[in-house]
Each structure stands twice: as C-alpha cells, then as structure tokens.
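Quick caveat: nothing in here was measured; it's all calculated off a predicted structure. One-based numbering, in listed order, for ligands and for the atoms of each.
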Amino acid sequence: MKWAPKAAPAPVSVAQRKHAARSKRSSAGSPVVEIREEKAPPPLDDYYNAMFTAFGPQHWWPGNSRFEIIVGAILTQNTSWTNVERAIATLRSAGMLTPKGITAAPLARLERMIRSSGYYRQKARKLKEFCAFLQRQYGGSLKRMFDTPTILLRDQLLGVFGIGPETADSILLYAGEHPVFVVDAYTRRMLARHGWVNEKAKYEDIRWKFEEQFPGDTRRFNEFHALIVNTGKHYCRTQKPLCGECPLGRYLEDGR
Ligand code: SF4
C-alpha cells in the first residue's frame with residue numbers, strides 16, 4: 001500500500017522508519033513512503049537465541065525423580081533454591097521423598113523436615129494435599145497422572161490446595177514434560193521492561209505469548225524459562241538492572 005503524507009504523519013515504528021529511509025521517490029520527485037509489513041524473525045526467538053548463546057543449556061529442572069521435581073516446585077515458592085535443596089536433602093535422608101513417605105509422615109515431623117524452605121507449615125500441608133490428590137485421582141501413580149491430557153491435568157492441579165499457575169506449570173513442564181510455559185516474576189519483569197506487557201498483565205496472557213509462538217515445543221519451554229531465570233538472577237535485578245552487560249541489552253533500543 002502506498003500513501004503520500006499531506007499532514008504530519010502518524011507515529012511509526014522503528015522498523016517502519018528504517019523502511020521509509022529506503023523508500024523510493026515518485027516521478028515528480030516528492031517522497032513516497034512505502035509502508036509494508038516486514039517479516040521480522042520471531043522476536044521471542046531472538047531473545048531465546050541471545051540467552052542460549054550467552055549461557056548455554058541450563059539442564060533444568062534439578063531433581064533425581066519426577067516426584068522430587070514436584071516437591072521442589074512446591075517448596076520453591078517464596079524462597080531461594082538453596083533453602084529448597086536443604087529441605088529436599090533432609091527428606092531424602094529420612095526416606096520420606098516419596099508420595100508414601102510424605103503421606104505417612106506426621107504433619108509436625110514433615111514441617112520440621114522442610115523448615116529450611118520457609119513457610120514450612122503451609123508447605124507441609126501443600127505436600128500432603130498433593131499426595132492425597134495423587135492417591136485419590138490416580139491411585140498414587142505419577143505415570144497415570146502425567147498421561148492425562150495437559151488441559152485436564154492442569155485444571156486438576158490448580159484445584160489442589162497451594163498449587164497456583166506457576167507451580168502447576170512447573171510440575172507439568174519439568175516433571176511431566178507437558179508443553180506449557182512457566183511464567184515467573186523474572187519473566188514478567190523482563191517482558192515489562194522490554195515493552196511486551198505491562199507489569200500487571202495476567203499470568204495466562206503472558207503464558208500465551210510463548211505458547212502461541214512455539215506451540216507444543218516442550219524442550220524450548222524448558223530451556224527458555226531456565227534461561228530467563230538465569231538472566232533475571234544475574235542481570236535483570238529489581239533495582240539497577242545490568243542492561244549494559246546483559247545478553248538482551250541490544251533489544252532495549254528505541255528508548256525503553
Ligand atoms: S537487564 Fe536490562 S537488558 Fe537484561 S533483561 Fe533486564 S531489562 Fe532487559
């Protein structure tokens with residue numbers, strides 16, 4: 001489509017301005033700005049490649065079994081991974097790192113075992129509630145649970161006490177290899193700072209940005225989330241982000 005501006009032109013994007021610079025002139029010599037849809041590479045793909053090139057594979061999620069990953073996903077809420085590792089090591093050495101072990105343990109003992117992970121009373125209850133769900137719905141079988149279609153299982157997990165979207169998606173992706181994307185505070189902050197979403201965007205809207213661009217790509221979701229966490233920890237801090245050193249700094253052009 002061609003148009004010749006008569007009045008002040010409407011604001012255009014950086015891509016449009018670059019394209020305009022390459023536009024032709026009309027036979028009368030007046031500038032004719034040709035605005036075309038430019039097929040840019042998928043921007044999120046660029047983000048992924050930049051982080052992967054900088055950091056390499058992240059080998060997530062750390063854990064020796066699917067149940068251990070689930071326990072980690074629940075315990076990591078509002079605490080550092082170091083604290084979670086201590087709690088998991090304590091459970092393992094007590095022989096309690098199984099659905100049966102968690103179910104059989106008296107609540108007070110379980111609380112003591114996971115104390116290092118913080119909010120230990122709530123988290124002990126969450127672990128027990130998950131194990132009760134697993135037993136009630138799937139006879140205790142993680143295989144049967146993860147053989148369930150993603151949408152159905154996600155709904156069921158969200159119905160378990162203490163399992164919100166981020167935890168449910170972590171369980172689905174990292175323990176069950178289901179194709180869902182995990183959104184966390186790092187993801188939200190990074191996307192907001194790059195102008196993709198506003199700070200208050202809904203979890204599901206952010207998730208969809210990734211899932212619509214890489215549908216069904218479980219391996220990509222696995223690595224992408226881990227790379228974002230790494231970027232968030234080392235560069236995209238709440239205060240004073242290190243954009244000049246960050247592998248995503250080049251995408252902050254245009255005044256953002
Ligand atoms: S540190 Fe800067 S460049 Fe890196 S992700 Fe955060 S806002 Fe983007």
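- With respect to atom 8 (Fe) of ligand 1, the closest heavy atom belonging to the protein is H194 NE2, 2.2 Å.
- Between K209 and D205, no side-chain nitrogen of the basic residue sits less than 4.0 Å from a carboxylate oxygen of the acidic one, so the salt-bridge criterion is not met.
- Ligand 1 places these atoms under 4.0 Å from at least one heavy atom of R193: 7 (S).
- Here R125 pairs with E129 in a salt bridge; the nearest charged N to carboxylate O distance falls below 4.0 Å.
- When distances to atom 2 (Fe) of ligand 1 are checked against a cut-off of 2.8 Å, C243 contributes an N, O or S atom below that limit.
- The pair R237-E245 fails the salt-bridge criterion, with no side-chain N (NZ, NE, NH1 or NH2) lying under 4.0 Å from an Asp/Glu carboxylate O.
- Under a hydrophobic-cluster definition in which Ile, Leu, Val, Met, Phe, Trp and Tyr are linked whenever side-chain heavy atoms come within less than 4.5 Å, directly or via other members, F221 and W208 are assigned to different clusters.
- Ring geometry, F133 versus F130: the interplanar angle falls from 30° to 60°, so the pair is classed tilted.
- Ligand-side atoms of ligand 1 in range of G249: 3 (S), range being under 4.0 angstrom from any heavy atom.
- Atom 6 (Fe) of ligand 1 has C236 SG, 2.4 Å as its closest protein atom, hydrogens excluded (heavy atom only).
- At a threshold of 4.0 Å, the pair E68-R92 counts as salt-bridged, since one of the basic side-chain nitrogens sits closer than that to a carboxylate oxygen.
- In the vicinity of L248, heavy-atom distances shorter than 4.0 Å reach the ligand 1 atoms 3 (S), 5 (S).
- Among protein heavy atoms, atom 4 (Fe) of ligand 1 sits closest to C246 SG, 2.4 Å.
- Taking every heavy atom of M190 and a limit of under 4.0 angstrom, the matching atoms of ligand 1 come to 5 (S).
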